[in-house]
Number of protein chains: 2
Amino acid sequence: MATVSIKEVAHRAGVSVGTVSNVLNHPDTVAIATRRRVLSVITELGYVRNDSARQLRAGRSQTVAMVALDLANPFFTDVMRGAEIAAEAGGVNVMIFNSGEDTARERRHLDMLGGQRVLGVLITPVDETNNARLDRLVERGIPVVLVDRGSGSHERCSVAVDDVLGGQLAGQHLREQGHHRIAFVGGPFSIRQVSDRHTGFTAALNDGPDVRLFSTSNLTVAAGREAGQTIAELPAAKRPTAVFCANDLLALGVLQEMTTHGVSVPRDMAIVGYDDIEFAAAAAVPLSSVRQPREQLGRAATQLLLEEVNEPQSHEHRHVVFRPDLVVRESSATKVTASAKRGK
Amino acid sequence: MATVSIKEVAHRAGVSVGTVSNVLNHPDTVAIATRRRVLSVITELGYVRNDSARQLRAGRSQTVAMVALDLANPFFTDVMRGAEIAAEAGGVNVMIFNSGEDTARERRHLDMLGGQRVLGVLITPVDETNNARLDRLVERGIPVVLVDRGSGSHERCSVAVDDVLGGQLAGQHLREQGHHRIAFVGGPFSIRQVSDRHTGFTAALNDGPDVRLFSTSNLTVAAGREAGQTIAELPAAKRPTAVFCANDLLALGVLQEMTTHGVSVPRDMAIVGYDDIEFAAAAAVPLSSVRQPREQLGRAATQLLLEEVNEPQSHEHRHVVFRPDLVVRESSATKVTASAKRGK
DNA sequence: AGATCAAATTGAATCGTTTTACATCCTGAG
DNA sequence: CTCAGGATGTAAAACGATTCAATTTGATCT
């Protein structure tokens, strides 16, 4: 309960507070004997530096904050992991906050971070368009990096993954497998990711087969099942032989419905998802999926942030765009290479 | 860039710093005209309180920390959500940290939290046994609440869910369904949750059928599939007609393998999982599962913490144990009530 | 011994708030 | 007209660390 300060340590060690501080921050400037004495008093009293005082003096903290859109989504926990790794390498701490897609909560968090004088903020904002609060942080010298929200803005750095390319990869793959009747399952198109993936997908098939669109109202397994049922009930001759889904949840729903209706995957129907969530590999028929380098995303974002923190004047804002890649598994393999590919 | 302080505001408003502080903290003690003037200067200059200074003065922050064992696990994100709700109600902030089951990382986080003088800590420690660092926090007046780690210790509060009871619920349920050959899939037993669930399960069946044990080396879908294969390949006459799995991932693996081997669920085989993860309801055959009140866990933990913070002297440490409940879905329903029960 | 210089240590100022004891002003009661 | 006492407002002292100019100490060289 008695919180012990540097002054008390100094007194007990028979030195001045300045010396104690030096032991902590510039150990090489203090004589070895003194250093040892001070250190032993420190452990004896259980002294712990008061970071508030430290930060007050320094003018800023040693912490960056990540404000995630939805921590229940594994995408963000992976990004977080990457951020933690990069932060550790840079000698700073990461504090995680969760906006839960709630503007008010996001606002509260940002205000608080401003008051805390954090080093910088990594954020996937709820609202892509109105970022006044972020601008205010930047004005006050707190750099902000956007994650997975590539507003081409030149005001700040951003990291993102190329969703158009992701769609293209899926399209090329299915085309190479010789499919002619192909469908896209996904929606709503107001979500940039969805429309980008669709755009890339159709582009890859532009001189080939038409893409039939099955629009969904959200990105859940249930929605996938609904679409899957519609598809499975089509007469076999008109039914697509391949489906690309805007995310893995949809794909899993479609897959289940195919199984239920006796449509064999991949023989009668190839399926490709997006995100490569953990369950993709663990599905009844392991699911092909477009993988995003999520951890890298977090690492890169943090590195950009620290760069800006450390060289504010020479820093130029950059927009890093990563390439996703396609993980082919049984659900879309022409020849079922089966267990060999059943990775994790 | 020019970070503006209370002094500047005071100067521009033609008052003393004390008055500005009062406007912020005791608005009713300052004349309405002055208050307005000060407030307008504040917004004009974009002044933001420096929390470091505030905390230094106050001796503590207005933040509680939650150190999660593994944020990639939805269990903890739900607990987190509960904690956030309760914290908000109590007027404090929550900072989330992730130890990722890594002792070193946990240690670093705890040290940092000590330095930050947080109000209190919610934690699921990596190591159940050695909590010296937690003791040190407590000694220094920072209360700690254990989450899902019910060390009967009288040193601190804890919240947990009764896993023995959870196992019992599953056992009773399967017994009521008239099953005679019953199996338990799970492991390793060094994990308390696993052994508790097993204990409760066998207890519920003690005067009835024997429980055949299929031990796994971890709690993944892959492990579940392995066990499922073994089970499915038993001659139908000796094969269990019901399986209780130590968690949902195992259950999903078992379910897949049954489907593959043409064993109909639930007709030939009932399956019950544990955790009620989001995918449980979305599985090909919606999965019965034992649900833990995870959000409540977080809420309760935070409330205990805040209680201890606010009344340190009168506070008595408590151990709150929640009751899980069984969600019956198709995978274990005698009569398939089908779509009616397909709720998310 | 005295001068010189590097190494070690000190003391005070500083960061931005909050708080407390005190001063000032004003109003209305006596 | 005076005075008590409530409203307002102020100045200065904390809070705990870091830093920097100044000082002391001690060793080395002549």
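Naming convention: chains lettered A, B, ... in sequence-line order (proteins, then strands); numbering from 1 in each chain. Quick note: numbers below take in every heavy atom, side chains included, and nothing from hydrogens, waters or symmetry partners.
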(request) Side-chain contact test, heavy atoms from C-beta onward, threshold under 4.5 Å: evaluate it for Val159(B) versus Leu146(B) and give yes or no. (result) no
(message) Strictly below 4.0 Å: does Ser5(A) bring a side-chain N or O up to OP1 or OP2 of dC15(D)?
(response) no
(request) Could you state the atom-to-atom distance from CZ of Arg35(B) to P of dT8(D) in whole Å? (result) 9 Å
(request) Hey, could you give me the CG/NE2 distance between Leu306(B) and His315(B), rounded to the nearest 0.5 Å? (result) 11.0 Å
(request) Could you tell me the separation between the OH atom of Tyr47(B) and the CD1 atom of Ile6(B), rounded to the nearest 0.5 Å? (result) 4.5 Å
(request) Select one nucleotide: of dA8(C), dT19(D), dG9(D), the one nearest the side-chain heavy atoms of His26(A). (result) dT19(D)
(message) Give the residues of residues 40-60 of chain A touching DNA chain C, defined as any heavy atom closer than 4.0 Å, sorted by residue number.
(response) Leu56(A), Arg57(A)
(request) For Ile32(A) and dA7(C), give me the distance from atom CD1 to atom P, rounded to whole Å. (result) 15 Å
(message) Would you say that more than 12 heavy atoms from the other residues, nucleotides or ligands in this model lie under 6.0 Å from the CZ of Arg105(A), or not?
(response) yes
(message) Using the side chain to side chain contact (heavy atoms under 4.5 Å, CB included) definition, which of the options Val79(A), Ile123(A), Leu69(A) pairs with Val147(A)?
(response) Val79(A)
(message) How long is the straight-line distance from NE2 of His109(B) back to CD1 of Ile96(B), given to the nearest 0.5 Å?
(response) 11.5 Å
(request) In whole angstrom, give the distance that lies between atom CG of Asp28(A) and atom C1' of dA6(C). (result) 15 Å
(request) Can you tell me the distance, in whole Å, between the NZ atom of Lys7(B) and the P atom of dT10(D)? (result) 16 Å
(request) Give the rounded distance in Å between these two atoms: CZ of Arg36(A) and C1' of dA8(C). (result) 16 Å
(request) Rounded to the nearest angstrom, tell me the gap between atom CD in Glu8(B) and atom P in dC15(C). (result) 12 Å
(message) Return the OG to CD distance between Ser99(B) and Glu84(A), rounded to the nearest 0.5 Å.
(response) 9.5 Å
(message) Using a heavy-atom cut-off of 4.0 Å across all strands, would you classify Val15(B) as base, sugar-phosphate, or nothing?
(response) sugar-phosphate
(message) In this structure, how many angstroms lie between the C1' atom of dT17(C) and the CG atom of Asn25(B), rounded?
(response) 9 Å
(request) Between dT10(D), dT10(C), dA12(C), spot the one nearest the side chain of Thr19(A), thanks. (result) dT10(C)
(request) Starting from C1' on dA17(D), measure out to CG on Asn22(A) and report it in whole angstrom. (result) 12 Å
